[in-house]
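For reference, the structure is listed below as structure tokens.
Position 1 is the first residue of the sequence, and the numbers go up from there. Scope of the values below: all heavy atoms of this structure, side chains included, with no hydrogens, waters or symmetry mates.
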Amino acid sequence: MLKINGEIFGDEEFRNKEAVYKKPRLNTDINTITLLFESNKDIANLAMAHSYLNIHAPEQKKLLLMPYLPYSRMDREINDQIFSLRYFADILNNMSFEKILLADPHSKVSSDLINNLEELNIEDIILDEILPKIDIDFIMFPDKGAKEKYTKKYLKLCKKHKVIYGQKKRDLSNRGKIKEYSIIAEDIDLKDKSVLIIDDLCSFGNTFNHASSALKSEGVDKIYLFVTHTENTIFQGELLDSSDIEKVFTTNSILRSQSHPKLLVIDIF
């Protein structure tokens, strides 16, 4: 879905599948494009919206609000798959936005490639919207990479709570499926404690299933999960119905209309 100044742009179609673009309301100072990624159609709509603003509001600043960054996981070449983030970043940079607002991009590669990028403050959302609802003893990151990322980004959170992390081994002969998962807690006693797992993205939730099982084997009492971006595929996995996780917190960057008793979606835009 794409919006210009809060109005949906390009959501209707002619019979031949071409989009119907209706004139949006323009501001006199800053015009904001909001991209709520659902499919590659949104990127075509972004190109059309940007061109429209360039022609009809050339003197006004342009802001792009894009909570979830498409292709953020494709931050390098993988086998025969191209470095998609690099080319999408090139598209964005050629549009010369005054500012691009994102929420928790997958890796530092995003900020290295994209000009005028600014991150929404997700740490304060965790501190202000989630922690008051739960009682936790530790913060956990699902792997060493996430630990290194978030201990630098979430300084207040990591100062307030002790940090543990997971370690996973994948079976590369079986499409990289996790075959072993362990908890790195540096002699911290986890028995009867409560843990909040934090990560940027959830698809089916398999990693978090492994993490919760490993935590339970260490004697952890209650497990909660916060992921910034949750795809609709979470409803196809076992995370919500079969895992040991008490509650899953996420933002509305991707997931906006689905609901589940174990799921709480927090609005960030």
Side-chain angles (χ1 to χ4, degrees), residues 37-39 67-76 78-79 81 84-85 103-107 109 122 126 130 134 136 138-150 163-185 190 193-266:
F37 185 76
E38 295 173 343
S39 71
Y68 171 71
L69 174 63
Y71 301 107
S72 58
R73 284 177 290 184
M74 297 302 299
D75 55 5
R76 62 197 183 282
I78 302 176
N79 299 324
Q81 300 174 25
S84 304
L85 178 58
D104 197 8
H106 183 63
S107 70
V109 177
I122 300 300
I126 299 173
I130 297 174
I134 57 178
I136 63 166
F138 302 106
I139 296 293
M140 177 179 166
F141 303 113
D143 54 46
K144 188 175 182 181
K147 174 181 175 289
E148 292 175 352
K149 170 184 174 180
Y150 288 116
V163 173
I164 62 176
Y165 67 98
Q167 182 172 279
K168 51 192 174 186
K169 293 183 180 179
R170 295 186 180 275
D171 184 355
L172 299 181
S173 66
N174 189 19
R175 296 183 297 176
K177 288 187 176 181
I178 297 173
K179 62 179 181 179
E180 186 178 325
Y181 196 98
S182 57
I183 305 298
I184 309 299
L190 300 179
K193 298 298 193 295
S194 296
V195 176
L196 173 65
I197 304 172
I198 296 176
D199 206 5
D200 64 319
L201 184 65
C202 176
S203 295
F204 292 94
N206 293 332
T207 294
F208 307 118
N209 283 331
H210 284 280
S212 62
S213 295
L215 287 168
K216 281 296 182 180
S217 69
E218 296 286 340
V220 169
D221 180 23
K222 292 186 178 180
I223 305 167
Y224 303 94
L225 171 65
F226 170 76
V227 279
T228 308
H229 312 290
T230 299
E231 298 176 350
N232 287 285
T233 47
I234 189 175
F235 298 100
Q236 300 173 28
E238 300 177 353
L239 185 67
L240 294 175
D241 294 320
S242 304
S243 74
D244 294 310
I245 293 176
E246 303 271 334
K247 196 81 174 178
V248 177
F249 301 92
T250 190
T251 76
N252 64 337
S253 64
I254 299 176
L255 199 63
R256 289 178 287 275
S257 59
Q258 298 274 13
S259 62
H260 187 280
K262 196 182 278 190
L263 182 66
L264 179 63
V265 180
I266 299 168

Aromatic plane relationship, F37 with Y68 - under 30° parallel, 30 to 60° tilted, over 60° perpendicular: tilted

Single hit among L225, D199, V227 for side chain to side chain contact (heavy atoms under 4.5 Å, CB included) with P142: D199

Over all atoms of both residues, closest heavy-atom pair of T250 and T228: OG1-O, 3.4 Å

Side-chain heavy atoms of F204 within contact of L239, under 4.5 Å: no

Minimum side-chain heavy-atom gap I134-K247 below 4.5 Å: no

Close side-chain approach of H260 to V248, heavy-atom, < 4.5 Å: no

Shortest non-hydrogen contact from F226 toward I130: CD1-CD1, 3.2 Å

H229 side chain vs A103 backbone, donor-acceptor pair below 3.5 Å: yes

K222 atom NZ: more than 12 heavy-atom contacts under 6.0 Å: no

CD on E180 to CD on Q167, rounded to 0.5 Å: 8.0 Å

Sole residue of S84, S107, S203 in side chain to side chain donor-acceptor pair (under 3.5 Å) with R73: S203

Criterion side-chain contact (heavy atoms from CB on, under 4.5 Å) on L69 and L85, from CA distance to verdict: CA-CA 9 Å; L69 174 63; L85 178 58; 3.8 Å; yes

Under 3.5 Å donor-acceptor, K216 side chain and D221 backbone: yes

Rounded distance (nearest 0.5 Å) linking atom CD1 of I197 with atom OH of Y165: 15.5 Å

Donor-acceptor pair, side chain of K168 and main chain of A211, under 3.5 angstrom: no

Non-hydrogen atoms of K149 and H106 that approach each other most closely: NZ-O, 3.3 Å

Exam field: side chain K262 to backbone L240, donor-acceptor pair closer than 3.5 Å: yes

Heavy-atom check, side chain of E231 versus side chain of Q236, under 4.5 Å: no

Side-chain heavy atoms of L255 within contact of F235, under 4.5 Å: yes

Gap between atom OG of S213 and atom CD1 of I245 - 0.5 Å precision: 9.0 Å

T207 vs D143, side-chain contact (heavy atoms from CB on, under 4.5 Å): CA-CA, chis, key distance, verdict: CA-CA 9 Å; T207 294; D143 54 46; 5.8 Å; no

Distance-only donor-acceptor check, side chains Y150 and D104, under 3.5 Å: yes

Close side-chain approach of M140 to I183, heavy-atom, < 4.5 Å: yes

Within 6.0 angstrom of E238 CD, more than 12 heavy atoms from elsewhere: no

Gap between atom OG1 of T230 and atom CG of L263 - 0.5 Å precision: 6.5 Å

Interatomic distance, E246 atom CD to L196 atom CG [nearest 0.5 angstrom]: 12.5 Å

Non-hydrogen side-chain atoms of L215 and D244 separated by less than 4.5 Å: no

